[in-house]
Amino acid sequence: MTVKERTAQVLEENRGKYISGADIASELGVTRNAVWKAVNILKKEGYIVNAVTNKGYCLSEKSDILSENSLRKILEPRYAANLKLMSKVTSTNTVLREMAVKGAPEGTIVMSPRQSAGRGRFENRRFYSEEGGVYFSILLKPDVTVQKSLMITTAAAVAAAESVERVSGRKAKIKWVNDVFVDDKKVCGILTEASLRTDGAGLDYAILGIGVNVREPDGGFPEEIKATAGAVLSENADIPDARSRIAGEIINRFFEIYLHPDSSDYVSEYKRRSLVLGKEVYLISVNGDEKREAHVLDIDDECRLVARLDDGNIVTVSSGEVSLKLK
Ligand code: BTN
């Protein structure tokens with residue numbers, strides 16, 4: 001562990017209490033200057049540390065900490081076992097894919113507070129991944145066909161919507177197939193990437209990637225996504241360790257559905273939270289070059305969209321994207 005990680009651990013163990021720089025330094029066997037430097041880095045990462053002369057450092061109860069310690073308080077131990085928290089990655093999906101190729105076990109999780117090349121669902125689409133959010137990927141090795149893999153994404157959308165709502169107290173909805181919305185703004189995106197078995201008999205593995213905008217960045221979201229992107233928490237929300245709680249709860253809930261698909265009635269929960277059911281929409285094909293007007297009639301038992309096209313034909317759609325028609 002680095003000095004920063006060990007300093008964080010001491011501060012977290014003493015959360016709400018002052019501890020002197022000298023005491024931390026002697027516990028870690030480093031200089032007071034090294035502790036001071038570590039505290040400054042931690043402050044940039046969401047730790048609210050008050051420093052008072054002659055008293056030392058105190059980690060505020062209000063800090064939004066994303067650390068292995070804070071995650072382990074929420075995550076069920078069996079899901080925390082293969083958790084890799086990285087301070088910065090290109091894309092958690094990309095890092096996890098490299099680990100999958102080398103034989104990482106099912107349930108391996110890569111998580112980060114920021115990504116330098118976060119990817120969205122469609123080719124060339126980036127996913128905004130700056131500080132303020134939480135970004136993670138889960139390695140899955142399900143014994144299902146490619147068709148059934150839509151369930152992974154939709155189960156994740158239900159887990160994300162429920163967890164966002166539980167932690168923030170704000171209503172969360174799902175726009176087919178996997179975008180989570182709060183107050184008409186997208187707060188969470190999901191990207192599932194599958195590797196197929198060479199014998200064509202289903203999936204070798206799937207990587208489920210989830211990104212949540214927990215807090216709006218200083219200065220707001222960039223111009224190009226300002227109209228559509230939102231944050232789970234309002235600016236003054238006072239929810240300690242919100243990123244850890246949201247991520248941890250999503251993972252626990254996702255596995256509950258994934259491991260017990262028959263006993264879970266998540267499809268009705270998916271429908272209950274749907275933003276598109278009964279609405280006039282555009283159905284957009286995967287490559288984006290086809291856009292059809294339709295009325296959404298239903299979401300079936302496999303979370304496919306059942307819609308009536310303008311010419312009266314009824315279609316069942318399992319890929320692509322939907323955009324709501326403005327009235
Ligand atoms: C979308 O809304 O188009 C899907 C966005 C998925 C973003 C997540 S963040 C974690 C994982 N790593 C990525 O590069 N993308 C997914």
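Keep in mind that the numbers below use all heavy atoms, side chains included, and drop hydrogens, waters and symmetry copies. Order of listing sets the numbers, starting from 1, for every ligand and every atom in it.
- Ring-plane geometry between F255 and Y79 is classed as parallel, the angle between the planes falling under 30 degrees on a 0 to 90 degree scale with a further cut at 60.
- The protein heavy atom nearest to atom 3 (O) of ligand 1 is R121 N, 2.7 Å.
- Less than 4.0 angstrom separates some heavy atom of L191 from each of these atoms of ligand 1: 6 (C), 15 (N).
- Shortest contact from atom 5 (C) of ligand 1 to any protein heavy atom: F127 CD1, 3.4 Å.
- Of all atoms in ligand 1, listed by their number and element, those nearer than 4.0 Å to a heavy atom of S91 are 12 (N), 13 (C), 14 (O).
- At a cut-off of 3.5 Å, with distance as the only test, a side-chain donor of S70 or S67 sits close to an acceptor on the other residue.
- Every atom of ligand 1 is numbered from 1 in the order shown, and the set under 4.0 Å from a heavy atom of F136 is 10 (C).
- The G118 neighbourhood of ligand 1 comprises atoms 14 (O), with distances under 4.0 Å to a heavy atom of that residue.
- The cationic atom of K186 (NZ for Lys, CZ for Arg) does not lie both less than 6.0 Å from the six-membered ring centre of F181 and within 45° of the ring axis.
- Within ligand 1, the atoms closer than 4.0 Å to a non-hydrogen atom of I210 are 8 (C), 9 (S), 10 (C), numbered from 1 in the order shown.
- With R126, K186, R119 as candidates, the residue nearest to atom 1 (C) of ligand 1 on a non-hydrogen basis is K186.
- Here R170 does not pair with E165 in a salt bridge; the nearest charged N to carboxylate O distance is not below 4.0 Å.
- Distance from atom 10 (C) of ligand 1 to its nearest protein heavy atom, with residue and atom name: T92 OG1, 3.2 Å.
- At a cut-off of 3.5 Å, with distance as the only test, a side-chain donor of N93 or S137 sits close to an acceptor on the other residue.
- Using modelled atom types and a 3.5 Å distance limit, the side chains of Q115 and S129 yield a donor-acceptor pair.
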Check against salt bridge (Lys or Arg N to Asp or Glu O under 4.0 Å), D298 and K271
CA-CA 8 Å; D298 199 8; K271 287 170 78 165; 3.0 Å; yes

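- Scanning all protein heavy atoms for the shortest distance to atom 12 (N) of ligand 1 gives Q115 OE1, 3.0 Å.
- For ligand 1 and I190, the ligand atoms under 4.0 Å from any heavy atom of the residue are 4 (C), 5 (C), 6 (C).
- For ligand 1 and G211, the ligand atoms under 4.0 Å from any heavy atom of the residue are 8 (C), 9 (S).
- T192 and T153 are linked by a side-chain donor-acceptor pair at a separation below 3.5 angstrom, with hydrogens and angles left out of the test.
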